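Worksheet: the structure to be examined is printed underneath.
Treat the numbers as computed from the prediction; the structure is a model and nothing was measured. First the proteins, then the strands, lettered A, B, ... as listed; each starts at 1.
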Amino acid sequence: MSSDAITSREKDFAKWYQDVIRQGDLAEAAEVVRGCMVIKPHGYAIWEKIQAELDRRFKATGHKNAYFPLLIPLSFLAKEASHVEGFAMECAVVTHSGLKAVTSADGKTALEVKNPLEEPYVIRPTSETIIGHYFAKWIQSHRDLPLLLNQWANVMRWEMRTRLFLRTSEFLWQEGHTAHATHEESLEEVERMLGVYADVAENVMAMPVIRGKKTDSEKFAGAVSSYCIEAMMQDGKALQAGTSHDLGQNFGRAFDVKFQSKSGEIDYVWQTSWGSSTRLIGGLIMTHSDDAGLVLPPAVAPIHVAIIPIYKTDEERSKVVEAGDVLRRECEGAGLSVVLDDRDGLRPGAKHFDWEQKGVPVRIEIGPRDVLAGSCVVKRRDRDPKEKTPLALAGAAIVLKNLMSEIQTSLLERARAFRASRTVQVDTYDQFKQALDPGGKGNFLLAHWDGTPETEKKIKADTKATIRCIPLEGDKEPGRCVLTGQPSAQRVVFAQAY
RNA sequence: CGGGGCGUAGCGCAGCCUGGUAGCGCACACGGUUCGGGACCGUGGGGUCGGAGGUUCAAAUCCUCUCGCCCCGACCA
């Protein structure tokens with residue numbers, strides 16, 4: 001890819017994001033209606049892939065899926081002080097249980113809300129409270145622990161401003177909720193699930209992430225501490241892609257979730273919660289895709305290979321389609337998902353653009369010349385569209401299967417290299433301000449911080465950059481705060497965030 | 001909640017300033033020629049111009065009110 005192409009991609013990224021992705025009929029992914037997301041079939045197929053990979057890992061680590069009510073009594077939410085404070089302003093509230101049709105004098109029919117509820121409900125913004133309520137009923141003994149549950153559900157947070165995939169009022173997610181007998185055990189769980197998220201992000205979505213701890217001002221409302229994975233998007237902004245919280249005994253106390261230990265003492269359970277959402281689709285798009293549409297790593301691509309037959313006459317058509325069909329069956333036998341695009345009335349070029357836009361990793365052309373030569377032409381979505389590679393039809397399925405792993409790896413490497421090129425160590429506040437956003441390109445800044453919320457706030461007010469996380473891995477050299485010069489234990493990641 | 005902008009065919013828009021037969025591109029339907037990177041020609045279907053009221057001989061256009069949506073800020077997975 002030329003440097004011009006990269007510059008143009010960065011410059012046009014915001015516009016592309018709106019034009020291509022937001023207009024779902026081009027990307028066939030999703031759109032926002034009244035702040036809520038409509039996920040179209042192609043977008044949903046990608047989500048299903050991510051979902052399956054997460055779910056498999058949750059089960060492999062001993063978790064079971066469950067489902068809890070959508071409506072949460074107001075009183076539940078009030079039980080944990082900092083939790084309610086964090087979510088109160090974004091709760092949709094159900095106050096009535098009925099409607100009545102009213103016909104006015106001019107003959108028009110309107111509906112009036114009827115039957116006010118004695119106690120209103122909130123539509124879950126997250127389920128800690130209602131799950132805490134059930135945990136209290138289900139847990140009596142240390143033998144009931146650990147209790148490891150996960151829920152796939154929609155939640156609602158009445159956001160003032162929404163953004164497709166990244167922040168919609170209603171979103172689809174997964175929330176894990178666990179209860180443990182000791183803090184050591186719950187902390188292990190927090191770390192384990194953060195690891196699961198990082199694994200899926202990097203090895204499935206090819207989206208490199210930084211694992212870290214949130215500062216107190218950024219942590220989950222009600223948590224003792226929050227951990228996260230942070231990814232860099234192509235415009236240099238940070239995206240929080242998953243969180244894992246140590247809830248301590250906060251919810252245990254609030255919902256009276258007690259158990260009797262082996263030695264007979266009564267104690268509150270130690271809880272965790274962790275979540276990741278359809279925001280991951282947004283992260284995926286903003287990590288890899290370009291002006292021509294989606295670029296999908298094979299592990300999340302609903303379709304791996306699109307075969308495009310080239311023909312003029314009916315005779316040619318039947319020959320190339322037959323050859324394509326043989327290839328399709330062989331690829332499917334190798335575990336690849338394939339479409340043979342034999343649509344009439346669309347020229348080959350239009351088919352290329354179509355599958356390119358949908359992010360299909362590999363397209364294959366088979367024409368009359370190829371059939372004679374026993375070969376086909378391969379085009380990779382992650383490479384220059386003009387690049388063509390010939391491939392012998394015999395044994396093609398295995399080659400394509402291997403090509404998928406190659407693409408998967410290469411996308412991750414490319415994203416890693418991009419992030420590295422946009423990550424800067426800074427030691428003075430001047431450097432900080434200069435390096436944050438040079439010429440509209442965002443950067444991740446590794447800087448020392450004195451650990452105070454005041455400094456964090458001041459930097460945010462000055463620069464819009466927030467502390468994305470205190471990284472768990474990497475350099476742990478102490479130093480001096482970039483703003484105040486006070487001692488700092490390690491560098492933290494500053495960036496502008498979505 | 002503050003500041004901007006937009007509602008006209010399925011989608012994207014022009015027309016509005018200066019009132020006078022509602023248009024363009026894409027998509028759709030039919031016919032033909034095409035087909036190795038978004039085909040072309042011809043024909044055709046599709047609209048109570050977001051809604052209500054007002055001014056006028058006449059309103060998509062001017063005025064008032066209203067509803068909805070989008071963008072920027074504060075808030076956020």
Given that both distances must come in under 3.5 Å, which nucleotide forms a Watson-Crick or G-U wobble pair with [N]?
N	value
B:rG38	none
B:rG12	B:rC24
B:rA60	none
B:rG68	B:rC6
B:rC17	none
B:rC1	B:rG73
B:rU55	none
B:rU43	B:rA29

May I ask you to say what [X] touches in the nucleic acid, namely base, sugar-phosphate or nothing, with a heavy-atom cut-off under 4.0 Å?
X	value
A:R363	base
A:V377	base
A:G275	nothing
A:S277	base

Gap in Å between the two [atom1] atoms, one belonging to [N] and one to [M], rounded:
N	M	atom1	value
B:rU55	B:rU61	P	15 Å
B:rG32	B:rU8	C1'	34 Å
B:rG7	B:rC13	P	9 Å
B:rC6	B:rA60	C1'	15 Å
B:rA9	B:rG45	C1'	11 Å
B:rA29	B:rA52	P	34 Å
B:rC26	B:rC62	P	29 Å
B:rC11	B:rA27	P	16 Å

Check A:R419, A:K237, A:K214 against A:E230 for a salt bridge (Lys or Arg N to Asp or Glu O under 4.0 Å) and give me the one that passes.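 Checked A:R419, A:K237, A:K214 against A:E230; only one passes salt bridge (Lys or Arg N to Asp or Glu O under 4.0 Å): A:K214.
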Whole-Å distance between [N] [atom2] and [X] [atom1]?
X	N	atom1	atom2	answer
A:E128	B:rA77	CD	P	12 Å
A:E316	B:rU34	CD	P	13 Å
A:R380	B:rG37	CZ	P	21 Å
A:Y227	B:rA77	OH	P	17 Å
A:R343	B:rC35	CZ	P	19 Å
A:Y311	B:rA39	OH	C1'	14 Å
A:E365	B:rC35	CD	P	14 Å
A:K351	B:rA39	NZ	C1'	14 Å

Kindly give the heavy-atom pair with the smallest separation between A:T243 and A:C228, and that separation in Å.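 For A:T243 and A:C228, the tightest heavy-atom pair comes out as CG2-CB, 4.1 Å.
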Closest contact, heavy atoms only, A:F418 versus A:M233: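 Minimum heavy-atom contact is CE2-O, 3.5 Å.
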Any side-chain N or O of A:K460 under 4.0 Å from OP1/OP2 of B:rC75?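 Looking at the OP1 and OP2 atoms of B:rC75, one of them is under 4.0 Å from a side-chain N or O of A:K460.
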If the cut-off is 4.0 Å, is A:R347 near the phosphate of B:rC40, judged by side-chain N/O to OP1 or OP2?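 For B:rC40, neither OP1 nor OP2 has a side-chain N or O of A:R347 closer than 4.0 Å.
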Hey, is A:F171 doing a stacking thing with B:rA77, by the 5.5 Å centroid and 30° angle criteria?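 It does: the ring sits over the base of B:rA77.
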So that I can tick it off, tell me whether A:E454 and A:K457 are bridged by a salt bridge, with the cut-off set at under 4.0 angstrom between side-chain N and carboxylate O.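 Answer for the salt bridge query: no.
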Between A:E356 and A:K351, does any side-chain N to carboxylate O distance fall below 4.0 Å?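 Looking at A:E356 and A:K351, the cut-off is not met.
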Nearest heavy atom decides the nucleotide; on that basis, is A:K464 or A:W173 closer to the 5' end of RNA chain B?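 By nearest-heavy-atom nucleotide position, the 5'-most residue is A:K464.
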More 5' along RNA chain B: A:P368 or A:T278, using each one's nearest nucleotide?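 Looking at the nearest nucleotide for each, A:P368 comes out on the 5' side.
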Any donor-acceptor pair, under 3.5 Å, between the side chain of A:D370 and the base of B:rG36, if you only look at N and O atoms?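 By the distance-only test, yes, there is a pair.
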A:F255 and A:F251 aromatic ring geometry - parallel, tilted or perpendicular at 30°/60° bounds: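 Aromatic pair A:F251/A:F255 classed parallel.
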Given the side-chain rings of A:W274 and A:H63, with only the six-membered ring counted for Trp, is the space between their centroids under 6.0 Å?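 Yes; A:H63 has its ring centre under 6.0 Å from that of A:W274.
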Closest nucleotide among B:rA77, B:rG36, B:rG37 to the A:T168 side chain: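 Side chain of A:T168 sits closest to B:rA77.
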Among B:rG38, B:rG37, B:rA77, which nucleotide has an atom closest to any side-chain atom of A:K379?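 Among the listed nucleotides, the one closest to the side chain of A:K379 is B:rG37.
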Residue pair A:T126 / A:E128, side-chain donor-acceptor N/O under 3.5 Å: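 Side chains of A:T126 and A:E128: pair found under 3.5 Å.
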